[in-house]
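Down below is the structure, laid out as structure tokens.
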Amino acid sequence: MTTLVFGHKSPDTDSTGSPIVWAWYLNEIKGVPAKPVLLGEPNTEALFMLDHWNLDKPEIMADLAADTDVVIVDTNNPAELPDNINDANITGIIDHHRLVAGLETRGPIEINIQPLACTATIMWKMIGKDWAQAPREIKGAALSCILSDTLEFRSPTTTQEDKAIAYSIAEELGVDISAFAADMFAAKSDVSAFSEEELLRMDSKEFDLNGTNLRVSVLETTSPAPLLARKDALMGAMPAVATADGAAQVLLFIVDILKEEATLLVPNDTVKTIAENSFGATVSGDSVVLPGIMSRKKQIIPNLKM
């Protein structure tokens, strides 16, 4: 049986690249037939990564058959996985997020969750000396994942291990990190082809805040002006997205990678209260700038208060 390797819904660069890296390792090093798949359309930065390193785009999985062997990467949250994930045979989990209850396994498995910025960093450590056998495109995928998740080391989630491993891979590949990251972020910033609904779900996590389900969305960009120009349309789309997704509110943070700040859109009094209670902000309009806020995992979700 072929093991499917996948990350979370709304795949970003890490949830697109890390399944490719781990499927290579299982196939070529461990001798376990494996295949990377996606749970949705990858974002523009992930598509840039695939094109730049001449990687095939993994197929988007429509249905997960019961009893399929799977390895879950870049999440351990059932809400971000297929509805029937517990009908599959989960054989491994590799992640860098907080532990969330709900997954069930059929026996003891290897779980590797580390407080690092990127899943690919953990994989590099797990692969060890066999990394020398990785082809250029696999190394490029891992480097792309680390630079994306660390925002080229600007994110407060960045550790020295993430940084050192990224520089090591870049040296192997002869890649200028600053130039390559700039190209990646430019690709991420081009969202002109996406609808407001797609943007609200593009990089989004479900979060239960004391019994209130929130959709916490982040758009990272080096050019926030085009997104802010669509502010009214984005806020207008929030109620329908919230209703369709079973959320009470959609929180949208537009992260300016270069200025290292986030703008939170404030469509109503509930979100205004969340902004003021969570970040000590003073909200006087339909948006508020939050200096230094860049990481959903470390700075946004842990601080959310109603």
Side-chain angles (χ1 to χ4, degrees), residues 7-18 43 45-46 73-77 79-80 94-100 113-122 143-166 177 181-182 184-185 188-189 191 199-209 214-224 227 249-266 271 274-281 287-305:
H8 53 73
K9 299 173 184 177
S10 303
D12 56 10
T13 299
D14 195 19
S15 253
T16 302
S18 285
N43 68 16
E45 184 186 76
V73 306
D74 197 29
T75 186
N76 67 87
N77 186 347
E80 299 175 356
I94 308 170
D95 192 18
H96 64 120
H97 297 92
R98 70 189 184 98
L99 186 63
V100 179
I113 300 176
Q114 296 188 32
L116 298 169
C118 181
T119 309
T121 305
I122 303 170
L143 175 62
S144 302
C145 292
I146 298 172
L147 293 179
S148 175
D149 269 10
T150 64
L151 298 178
E152 196 193 352
F153 319 127
R154 295 176 176 89
S155 171
T157 62
T158 306
T159 70
Q160 184 55 37
E161 284 187 283
D162 294 293
K163 196 169 183 179
I165 290 167
I177 280 181
M184 285 179 54
F185 298 153
K188 180 185 290 189
S189 300
V191 294
L199 290 174
L200 292 174
R201 294 187 174 105
M202 181 173 289
D203 186 357
S204 186
K205 305 279 188 182
E206 294 181 24
F207 179 65
D208 187 311
L209 181 60
L214 302 175
R215 177 164 289 285
V216 185
S217 303
V218 172
L219 293 173
E220 298 163 342
T221 179
T222 56
S223 180
L227 286 169
Q249 299 289 336
V250 176
L251 306 182
L252 176 61
F253 297 81
I254 298 172
V255 173
D256 188 325
I257 297 171
L258 301 181
K259 287 188 177 181
E260 300 187 17
E261 64 184 23
T263 298
L264 170 63
L265 302 194
V266 184
V271 176
I274 292 173
E276 292 177 339
N277 291 343
S278 304
F279 306 104
S287 65
V288 60
V289 175
L290 305 171
I293 299 297
M294 301 184 72
S295 169
R296 171 173 46 209
K297 180 173 70 174
K298 192 166 186 176
Q299 297 174 304
I300 295 174
I301 284 182
N303 289 318
L304 288 179
K305 302 179 185 68

Backbone N or O of [Y] within a donor-acceptor pair of the [X] side chain at under 3.5 Å?
| X | Y | value |
| --- | --- | --- |
| H96 | L116 | yes |
| S148 | S144 | no |
| S189 | T222 | yes |
| K298 | T158 | no |
| N76 | V100 | yes |

Do [X] and [Y] make a side-chain contact, defined as non-hydrogen atoms from C-beta onward lying under 4.5 Å apart?
| X | Y | result |
| --- | --- | --- |
| D256 | T221 | no |
| L99 | I113 | yes |
| V271 | L251 | yes |

Residues two or more places apart in sequence or in another chain: which of them pass salt bridge (charged side-chain N to carboxylate O under 4.0 Å, His left out) with [X]?
| X | value |
| --- | --- |
| R98 | none |
| D203 | R296 |
| R215 | E206, D245 |

Test of understanding: with side-chain hydrogen bond (donor to acceptor under 3.5 Å, both in side chains), list the residues that count as partners of [X], not counting sequence neighbours.
| X | answer |
| --- | --- |
| D162 | T121, T159 |
| S217 | S204 |
| S278 | none |
| S10 | none |

I'd like to check the side-chain contact (heavy atoms from CB on, under 4.5 Å) partners of [X]; sequence neighbours left out, ordered by chain and number.
| X | answer |
| --- | --- |
| E152 | R154, I177, S178, A181, F185 |
| Q299 | P156, I293, M294, S295 |
| K9 | L39, D83 |
| P115 | none |

**Request:** Mind checking the NZ-CD spacing from K188 to E45? Nearest 0.5 Å is all I need.
**Result:**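 Nearest 0.5 Å value for the NZ-CD distance: 4.0 Å.
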**Side chains of D74 and S15, donor plus acceptor under 3.5 Å** =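 Checked: D74/S15 side chains pair up, N/O donor to acceptor below 3.5 Å.
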**Message:** Please evaluate residues E220 and N43 with respect to the criterion side chain to side chain contact (heavy atoms under 4.5 Å, CB included), reporting the C-alpha separation (whole Å), side-chain torsions for both, the decisive distance (0.1 Å), and the verdict.
**Reply:** CA-CA 11 Å; E220 298 163 342; N43 68 16; over 6 Å; no
**Asked** Heavy-atom count around K305 NZ within 6.0 Å, excluding the residue itself: above 12?
**Response**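 Counting other residues, nucleotides and ligands, NZ of K305 exceeds 12 neighbours.
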**Request:** Decide yes or no on side chain to side chain contact (heavy atoms under 4.5 Å, CB included) for V216 and F253, but give the supporting numbers first.
**Result:** CA-CA 8 Å; V216 185; F253 297 81; 4.0 Å; yes
**Request:** Determine the minimum heavy-atom distance between S18 and V73, stating which atoms define it.
**Result:**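 Taking every non-hydrogen atom into account, CB-CG2, 4.3 Å.
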